[in-house]
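Worksheet: the structure to be examined is printed underneath.
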Amino acid sequence: MGKLITRTKPLIFQSKLLCFSLLYLFTTLFLALSQSKCFFFTSSPLDPIQNPLFSYPSSYGEHKYALSTTRSTCTSPVFFSDYLDVVKEIKNLIENSSSAEWSALRYMQGNAESFGGKLSTKARLSYFDHQMDNSKVPCGFLKKFPITDSDRIAMDKCEGVVVVSAIFNDHDKIRQPKGIGSKTMEQVCFFMFIDDVTMRGLEDHGLVSGKSREHNKIGVWRIVQVAKQELYESPAMNGIIPKYLVHRLFPNSKFSIWVDAKLQLVVDPLLLIHSLVISENVDMAISKHPFYLHTMEEAMATARWKKWWDVNALKQQMETYCEHGLEPWTPTKHPYASDVPDSALILRRHGIGSNLFSCLMFNELEAFNPRDQLPFAFVRDKMKPNVTINMFEVEVFEQVALEFRHNLKKKQRLLSTSAIRTKRAHPDFFYVNGSCCSTKCHNYLSTMWAQSNHS
């Protein structure tokens, strides 16, 4: 009789955990070795600060759910100048600039039912041409912004660069920036705007004191609590105020960086402002969207993935823009390589260009919805004087900031979806009387689809 032969797996394959661990290790090493550098530093003996900026309790989980970056190429690397040279140059710019140079706009004042006045389309468009006009521009603050006097005084004292973020409805974690230079805190202020829901979450983790809600700091961030009951019902719309009206909240700041709370900066703010704004001689810098080229693509994705509940209102918004001159992206729009940004990171030089753009953007967002990628190209292309924007490559964005998932709890998500049901578009979203496309956006869609077929 034949002899029974038994085969056993090598020891290394008998443990599933070991196999998965090895697979993860080799994959990580491959990505790390294959990834090309997207920015280059000139070393300096005084940067960065090595000590942790803040020690979180383990229960907070500020580093949970990081999103991996898989891009392995870099077509447009960014070069950072010597840190001390950058500090000196920005300091000189701030000290030697006149106040009129940075605050050339005059703003509408008064009282209204909403923070921005809920202007009609005709009224909003009338402010797009500001070349020979010294009239006041509507730019929010038609109701009092509900913060404490001590916070307002601290914001007025920020005269250099301000880094701003916001967390409403406890939607994200507060994360400390990395790579901060030893001289940076002398010129940069960090402000985090939160509501009462977020404040309670911070108190539960022992990050702030429940007794005093003033002068709270978490690492570099000064915490500013906003009484959202006096603003908008939508937490996202309340977040739009510090995102687009930063020049009004910080009237004496010369530069600003908006950082979505899902991001963690890993490059010094002064280096970012210098390389992406000052060296490029632009009003603003913002990343291109990783996937979309045309505004209508973003609108369709917003409807498809239910990023905004009123789909019919999205249609009306796009028809309004088409009717008043919105065009799909074409090579004639260069130097802009896209009509759709990733607005999680916005760098600004405060002046008439970026300030007017921000005011006009805020008015559109209040009129329609807080999805700020939708009015971006319309405002950029139609406003006068023109705003200059450095739309840098996606891979640069992915390497100057780490992205994390939102921490919206399942229970909260169920409550929000049950409270607001999606309002679907009318049946004629793309077809009218059997023919393609609504009349107002027919030319836009035809040009966009024709371009897509030829690319």
Side-chain angles (χ1 to χ4, degrees), residues 104-143 232 237 240-241 243-248 283-284 286 294-296 298-299 302 308 310 312-330 332-333 336 338-341 343 346 348 351-389 437-445 447-448:
L105 288 182
R106 298 167 62 231
Y107 303 112
M108 187 181 294
Q109 298 177 344
N111 297 309
E113 292 185 3
S114 74
F115 190 75
K118 274 285 184 182
L119 304 173
S120 66
T121 300
K122 182 178 180 181
R124 297 196 313 275
L125 294 178
S126 68
Y127 295 99
F128 272 57
D129 191 344
H130 203 73
Q131 292 182 105
M132 306 296 292
D133 192 356
N134 196 33
S135 62
K136 294 181 179 180
V137 176
C139 195
F141 293 89
L142 297 181
K143 291 178 69 176
Y232 299 99
M237 192 62 214
I240 288 296
I241 297 173
K243 185 173 186 177
Y244 279 95
L245 302 185
V246 59
H247 62 288
R248 299 216 58 194
D283 299 312
M284 296 172 52
I286 193 169
H294 306 285
T295 301
M296 197 66 73
E298 175 63 28
T302 300
W308 184 247
D310 193 343
N312 194 56
L314 291 174
K315 174 196 170 186
Q316 294 173 357
Q317 180 180 12
M318 289 300 98
E319 287 183 336
T320 299
Y321 293 157
C322 290
E323 183 180 5
H324 291 92
L326 175 67
E327 297 177 353
W329 184 89
T330 63
T332 60
K333 288 195 176 186
Y336 301 124
S338 174
D339 276 353
V340 186
S343 59
I346 308 175
R348 299 178 176 94
I352 188 168
S354 68
N355 292 357
L356 180 61
F357 175 84
S358 297
C359 292
L360 298 176
M361 279 287 293
F362 179 82
N363 295 336
E364 294 303 311
L365 296 170
E366 190 196 53
F368 291 108
N369 58 71
R371 302 297 303 175
D372 57 342
Q373 291 148 317
L374 300 180
F376 175 84
F378 180 75
V379 173
R380 180 197 67 191
D381 297 343
K382 293 297 176 183
M383 65 172 282
K384 295 179 182 178
N386 295 330
V387 61
T388 55
I389 304 177
C437 318
S438 63
T439 304
K440 295 176 181 177
C441 287
H442 176 86
N443 290 336
Y444 183 106
L445 290 168
T447 303
M448 183 184 79

(Q) Would you call the rings of H247 and Y107 parallel, tilted or perpendicular, taking 30° and 60° as the class edges? (A)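 Taking Y107 first and then H247, their aromatic rings sit tilted (interplane angle of 30° to 60°).
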
May I ask you to test the [X]-[Y] pair for a side-chain heavy-atom distance under 4.5 Å?
X    : Y    : answer
F378 : E327 : no
E298 : R371 : yes
L356 : P385 : yes

Backbone N or O of [Y] within a donor-acceptor pair of the [X] side chain at under 3.5 Å?
X    : Y    : answer
E366 : G116 : yes
H294 : W329 : yes
Q373 : V340 : no

**Q.** Residues E113, K118: salt bridge by 4.0 Å N-O rule
**A.**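 Looking at K118 together with E113, the answer is no, because their closest N to O distance does not fall below 4.0 Å.
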
[atom1]/[X] to [atom2]/[Y] distance, rounded to the nearest 0.5 angstrom?
X    : Y    : atom1 : atom2 : result
L374 : T302 : CG    : OG1   : 5.0 Å
H324 : R124 : NE2   : CZ    : 9.0 Å
L360 : M383 : CG    : CE    : 6.0 Å
S120 : N363 : OG    : CG    : 11.0 Å
L365 : I240 : CG    : CD1   : 5.0 Å
M296 : C322 : CE    : SG    : 4.0 Å

Q.
For residues 357-376, which residue pairs pass the ring-ring contact (aromatic ring centres under 6.0 Å, His included) check, not counting sequence neighbours?
A.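 Listed by first then second residue: Y321-F368, F357-F376.
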
Q. Can you name the residues that form a side-chain hydrogen bond (donor to acceptor under 3.5 Å, both in side chains) with D339, not counting sequence neighbours?
A.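 Applying side-chain hydrogen bond (donor to acceptor under 3.5 Å, both in side chains) to D339 gives K333, R380.
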
(Q) Would C139 and Y244 count as a side chain to side chain contact (heavy atoms under 4.5 Å, CB included) here? Give the steps. (A) CA-CA 10 Å; C139 195; Y244 279 95; over 6 Å; no

**Q.** Any residue meeting salt bridge (Lys or Arg N to Asp or Glu O under 4.0 Å) with D129, in chain and number order, not counting sequence neighbours
**A.**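 By the salt bridge (Lys or Arg N to Asp or Glu O under 4.0 Å) rule, D129 matches no residue at all.
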
